[in-house]
Amino acid sequence: MARIDYAKVAPEALKALVQLEGHVRKSGLDRKLKDLVYLRVSQINGCAYCIDMHSKDLRAHGETDERMHLLPVFREVSAMFSERERAALAWAESVTLLTEGHVPDEVFEEARQHFEERELVELTMAVATINAWNRIGVSFRPEAGIYQPVAR
């Protein structure tokens with residue numbers, strides 16, 4: 001059960017985050033890559049609502065259950081994920097888990113091999129955005145399981 005209806009209590013704050021989400025959506029990042037990153041970060045942060053949402057979005061856009069199940073161990077199943085996807089996921093993990101290494105140079109260098117500067121900034125904005133959503137979801141516990149994908 002939700003703790004607080006944050007959208008009702010602070011609609012202007014929600015509006016600002018929705019605007020940031022809109023920027024990420026229009027940033028040029030591949031939708032499937034963004035959703036894989038969103039799902040992985042949500043898994044790390046333990047956000048049930050966001051895990052439900054992003055797994056449903058991925059499935060609706062053709063992602064396989066196998067890849068979603070193996071996402072937490074993407075390093076061990078390199079044949080399942082492209083080098084670009086693995087670099088993005090490693091970047092997302094490092095940016096999310098700042099207290100565990102402050103985004104190591106080797107993770108940055110790997111990301112730079114697969115992303116131009118603007119893409120890496122936009123990817124980082126996507127990671128920051130989903131981390132913000134996760135913190136809201138974990139804190140206020142919106143009901144998981146009710147989300148339905150919307151065609152975009």
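None of the values given here were measured: they were computed from a predicted structure.
- Nearest heavy-atom pair, A126 versus L29, reported as atom, atom and distance to 0.1 Å: CB-CD1, 4.0 Å.
- For the pair E122/V24, no side-chain contact is recorded, criterion being any heavy-atom separation below 4.5 Å from C-beta on.
- A heavy-atom distance below 4.5 Å is not found between the side chains of R86 and M80.
- The side chain to side chain contact (heavy atoms under 4.5 Å, CB included) test with P149 singles out one residue from K56, M53, H54, and that residue is K56.
- Between the E100 side chain and the L97 main chain, no donor and acceptor come within less than 3.5 Å of each other.
- The shortest non-hydrogen separation linking M125 to T129 is O-OG1, 2.7 Å.
- Using a 4.5 Å cut-off on side-chain heavy atoms (C-beta onward), M68 and D65 make contact.
- The two residues S42 and C50 come nearest to each other via the heavy atoms OG-CB, 3.2 Å.
- Using a 4.5 Å heavy-atom cutoff, the side chains of E63 and L36 are in contact.
- With hydrogens and angles disregarded, no donor-acceptor distance shorter than 3.5 Å links the side chain of K32 to the backbone of L58.
- Hydrophobic clustering of Ile, Leu, Val, Met, Phe, Trp and Tyr side chains at less than 4.5 Å, counting indirect connections, keeps V138 apart from I146.
- Clustering ILVMFWY residues whenever any of their side-chain heavy atoms sit less than 4.5 angstrom apart, transitively, puts F74 in the very cluster that holds V103.
- With hydrogens and angles disregarded, no donor-acceptor distance shorter than 3.5 Å links the side chain of N131 to the backbone of T96.
- Atom-to-atom distance recorded for F140:CZ and D5:CG is 10.5 Å, nearest 0.5 angstrom.
- Between L17 and A132 the shortest heavy-atom distance is CD1-CB, 3.9 Å.
- Heavy atoms of other residues, nucleotides or ligands lying less than 6.0 angstrom from CD of E66 number 12 at most.
- Hydrophobic cluster membership is shared by L98 and V41, with clusters built from Ile, Leu, Val, Met, Phe, Trp and Tyr side chains linked at under 4.5 angstrom.
- To the nearest 0.5 Å, atoms CD (E116) and CD (E119) are separated by 5.0 Å.
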Salt bridge (Lys or Arg N to Asp or Glu O under 4.0 Å) evaluation trace for K26 with E21: CA-CA 9 Å; K26 295 174 189 171; E21 180 67 42; over 6 Å; no
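- Rounded to the nearest 0.5 Å, atoms CZ (R135) and CD1 (I130) are 10.0 Å apart.
- L71 CG to H69 NE2: the interatomic distance, rounded to the nearest 0.5 Å, is 11.0 Å.
- Linking Ile, Leu, Val, Met, Phe, Trp and Tyr residues whenever their side-chain heavy atoms come within less than 4.5 Å places L70 and V37 in a single cluster.
- Considering only heavy atoms from C-beta on, V18 comes within 4.5 Å of W133 through its side chain.
- Taking each heavy atom of L39 and S55 in turn, the nearest pair found is CD1-N, 4.2 Å.
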Only pairs under 3.5 Å count here: list side-chain donor-acceptor contacts from residues 104-113, not counting sequence neighbours, and write none if there are none.
{"residue": "E110", "atom": "OE2", "partner": "H114", "partner atom": "NE2", "Å": "3.0"}

Audit row: R67, E85, salt bridge (Lys or Arg N to Asp or Glu O under 4.0 Å) steps and yes/no: CA-CA 12 Å; R67 279 180 25 114; E85 287 171 332; 2.9 Å; yes
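- Using modelled atom types, one side-chain atom of R3 and one backbone atom of S139 make a donor-acceptor pair closer than 3.5 Å.
- Within the 3.5 Å criterion, the main-chain N or O of W91 finds no donor-acceptor partner in the side chain of S94.
- The minimum heavy-atom distance linking A88 with L33 is given by the pair CB-CD1, 3.6 Å.
- With a 4.5 Å cut-off on side-chain heavy atoms, F115 and V121 do not count as touching.
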Full working for side-chain hydrogen bond (donor to acceptor under 3.5 Å, both in side chains) between Y49 and N134: CA-CA 8 Å; Y49 185 86; N134 287 169; over 6 Å; no
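- Contact check for Y38 versus V127: no side-chain heavy atoms found under the 4.5 Å cut-off.
- Under the 4.5 Å side-chain criterion, counting only non-hydrogen atoms from C-beta, V95 is not in contact with L123.
- A distance-only check finds no donor-acceptor pair linking the side chain of R40 to the backbone of A92 [under 3.5 Å].
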